[in-house]
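The first residue of the sequence shown is numbered 1, and numbering continues consecutively from there.
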Amino acid sequence: MSDRRDIDIAFLRQRLEDRRADISAHSNHSEDYRKPVELDQQAVGRLSRMDALQDQQMHLEQERRRAAELDRIEKTLARMERADYGFCHNCGEEIEKKRLEFDPTTPLCVDCAAHVKHS
């Protein structure tokens, strides 16, 4: 494995760092929506409580997805630091430049990704 000189790693790193900051801002903004729902029947009606619980669950799922994306970003930034970025985790071949530009966090080449989906 050698350095990938055909891709602009600095540009992709900046995209990932910007995305990480955006995710953190969204996470901080939605923190109140993920708190436990008040189930006081005197305060709100049954349907309002059901709506509040559903809304809370949607925000919790969004937070889970944000955490998963942050994990992918952190792993990608670490690969960039180790200079093994841009190579497939399975076969070690270069990941196509356009694939990395579309999704800088992708760890697999097209062939290996297709194989994983069909397994």
Any idea which heavy atoms bring Ser27 and Glu63 closest together, and the distance?
OG-OE2, 2.7 Å
CZ on Arg64 to NE2 on His59, rounded to 0.5 Å
15.5 Å
Could you tell me if the side chain of Arg66 sits less than 4.5 Å from the side chain of Gln62, heavy atoms only?
yes
Quick one: do Lys98 and Glu101 satisfy salt bridge (charged side-chain N to carboxylate O under 4.0 Å, His left out)? Show the steps, please.
CA-CA 5 Å; Lys98 288 188 182 237; Glu101 288 171 348; over 6 Å; no
If you take all heavy atoms of Pro104 and Thr76, which pair is closest and at what distance?
O-CG2, 3.4 Å
Can you sort out the partners of Glu96 under side-chain contact (heavy atoms from CB on, under 4.5 Å), two or more places apart, ordered by chain and number?
Arg99, Val110
Do Glu93 and Asp111 touch side chain to side chain, with heavy atoms closer than 4.5 Å?
no
Note, Leu12 side chain near Met80 side chain (heavy atom, < 4.5 Å):
yes
Which distance, rounded to the nearest 0.5 Å, do you find between the CZ of Arg20 and the CG of Leu70?
8.0 Å
Shortest non-hydrogen contact between Ile95 and Cys109, atoms and distance
CG1-N, 3.9 Å
Over all heavy atoms of both residues, which pair between Thr105 and Arg79 is shortest? Give the atoms and the distance, please.
O-NH2, 3.6 Å
Given side chains that start at C-beta, do those of Met58 and Glu61 come closer than 4.5 Å, heavy atoms only?
no
Using a strict 4.0 Å threshold on nitrogen-to-oxygen distance, state whether Glu69 and Arg65 make a salt bridge.
no
Scanning both residues in full, the closest heavy-atom pair of Leu16 with Ile73 reads O-CG2, 3.9 Å
What one should report as the nearest heavy-atom pair of Leu100 and Tyr85 is CD2-OH, 3.5 Å
Kindly write out the residues that satisfy side-chain contact (heavy atoms from CB on, under 4.5 Å) with Asp22, not counting sequence neighbours, or none if the list is empty.
Arg19, His26
Any side-chain heavy-atom pair from Gln57 and Leu60 closer than 4.5 angstrom?
yes
